[in-house]
Amino acid sequence: MAGGGPRHHDQWCHQPEEDAIWRCIEMTSTTTGLWKQHSGNPVENYERFFVPTIGTAWASALLDAADLRVGERVLDIACGTGVVARRAAEQVGPSGSVAGLDLSPGMLEIARANTAEIDWHEGDAAALPLPDGAFDVVVSSLGLQFVEDKQSALREMHRVLAPGGRVAIATVGPTPPLFAVLEQALARHVSPEVAGFMRAVFSLYDPEQLQTLATDAGFDDIDVRSKVLTVTLPAPAEFLWQYVHSTPLVAAIAPLDDAKLAALEHDVVAGWQSFVRSAELVFDGNTVLTTARRRKG
């Protein structure tokens, strides 16, 4: 549909009118300030910005589904900086034990610095460096969608579980409207390939696919269910740059010049206005919880 919509920031920058020129300068300066404010180590930013909001909400839903008990041995796969593992340790108590595994040394460095009592491992979810039958429960939050060989990952979860052990996996999807706005803006202002990161985040949600993965790995008592989680986030521009600086997106966006950064921010913030409540973003995301059990004997 033509006309009526907001002008893109790069269009403003090419308007001859004096007010448009000053508006362009002001927006570019503000955007550059926010970009620099949230720069730094992406892993540290992940722990600082992502974990307290989306990460914690998904961790809570996952552990509710896992129904941990005092004394159980728990493995957290794709543990990141350890938000799920830390909460699991509280639930199983000193008579239980928790291990975390991640492919990223940087994530594990933060995890170890936060909690020395958990046994942290660097490794691939599809080839766990852990013995057979060593755990009562395996959990994984917002990580399985990034594993290339998902079937092998499920088989490895099954292998390291003791007979009768349980698995609980939290993923997210389909792409919620709020993140669809970001995906479209990334495709316009950066590249369709970079926008593909958003599709990967929300790629593993189909109940039939998850049921098949668990069945083929040998699990029984499989249940796949969805639950909408509502998370309050910072104001649009602030959350945009927090999210970018906490994810692999930062490497692709960092080379953009100030005008292109401002254009990206303008499109995203404009598209997010319908999700703003009292100056904060409200994000409704569909968590998909898959639980199953390794048969006894």
Side-chain angles (χ1 to χ4, degrees), residues 51 54-80 82-93 96-102 118 125-126 128 130 132-147 149-174 176 201-231 284-297:
V51 166
I54 296 172
T56 294
W58 259 255
S60 297
L62 172 65
L63 292 176
D64 284 348
D67 191 24
L68 300 181
R69 300 156 198 163
V70 171
E72 288 188 313
R73 302 165 297 166
V74 180
L75 172 63
D76 177 16
I77 293 178
C79 64
V83 60
V84 172
R86 292 193 296 268
R87 288 172 169 247
E90 294 173 0
Q91 294 183 17
V92 301
S97 63
V98 177
L101 177 137
D102 202 273
I118 292 170
L128 298 175
L130 298 163
D132 296 356
F135 300 95
D136 302 303
V137 185
V138 172
V139 295
S140 184
S141 180
L142 297 176
L144 185 60
Q145 65 265 39
F146 297 115
V147 177
D149 189 349
K150 296 174 180 58
Q151 191 62 74
S152 291
L154 266 291
R155 291 194 180 109
E156 283 291 271
M157 292 178 188
H158 186 274
R159 178 183 66 79
V160 300
L161 278 172
R166 311 185 308 282
V167 65
I169 300 166
T171 51
V172 58
V201 170
F202 303 104
S203 62
L204 187 59
Y205 62 89
D206 179 67
E208 184 174 341
Q209 180 186 8
L210 287 159
Q211 178 87 28
T212 299
L213 285 168
T215 299
D216 290 350
F219 284 104
D220 291 328
D221 300 331
I222 303 163
D223 180 56
V224 183
R225 60 192 183 276
S226 295
K227 177 182 179 181
V228 175
L229 300 181
T230 299
V231 183
D284 293 324
N286 186 57
T287 181
V288 183
L289 298 164
T290 303
T291 56
R293 186 180 298 271
R294 176 174 177 171
R295 70 170 60 95
K296 296 180 180 179

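The first residue in the sequence is number 1, and the count goes up from there. Quick caveat: nothing in here was measured; it's all calculated off a predicted structure.
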Where do [X] and [Y] come nearest, in terms of heavy atoms and distance?
X      : Y      : value
Ala153 : Val147 : CB-CG1, 4.1 Å
Gly164 : Lys296 : CA-CG, 3.7 Å
Ala59  : Val84  : CB-CG2, 3.6 Å
Arg295 : Gly218 : NH1-O, 4.4 Å
Ala88  : Val74  : CB-CG1, 4.3 Å
Ala89  : Ile118 : CB-CD1, 4.3 Å

Indicate yes or no: at least one non-hydrogen side-chain atom of [X] is less than 4.5 angstrom from one of [Y].
X      : Y      : result
Asn286 : Val288 : yes
Val70  : Val92  : no
Gln151 : Asp149 : yes
Trp58  : Val231 : yes
Val51  : Thr56  : yes
Met157 : Leu75  : no
Arg166 : Thr291 : no

Checklist entry - Counting distance only, does the side-chain N/O of Thr290 pair as donor-acceptor with the main-chain N or O of Leu210 below 3.5 Å? => result no
Checklist entry - Between Arg294 and Leu161, is there a donor-acceptor pair closer than 3.5 Å when you use the side chain of the first and the backbone of the second? => result yes
Checklist outcome for this item: Those residues at least two apart in sequence (or on a different chain) that pass ring pair (Phe, Tyr, Trp, His ring centres under 6.0 Å) with Tyr205 are none
Checklist outcome for this item: Sequence neighbours excluded, the answer for ring pair (Phe, Tyr, Trp, His ring centres under 6.0 Å) partners of Phe219 is His158
Separation between [atom1] of [X] and [atom2] of [Y], rounded to the nearest 0.5 Å:
X      : Y      : atom1 : atom2 : answer
Lys150 : Ile169 : NZ    : CD1   : 11.5 Å
Thr287 : Ile54  : OG1   : CD1   : 11.5 Å
Arg293 : Asp221 : CZ    : CG    : 6.0 Å

Checklist entry - Any luck finding a side-chain donor-acceptor pair between Ser60 and Arg87 under 3.5 Å? => result yes
Checklist entry - Ion pair present between Arg73 and Asp136, side-chain N to carboxylate O less than 4.0 angstrom? => result yes
Acceptor/donor pairs from residues 138-145 side chains to any protein atom, 3.5 angstrom cut, sequence neighbours excluded:
residue: Ser140; atom: OG; partner: Ile77; partner atom: O; Å: 2.9
residue: Gln145; atom: OE1; partner: Gly143; partner atom: N; Å: 3.2
residue: Gln145; atom: NE2; partner: Val201; partner atom: O; Å: 3.2

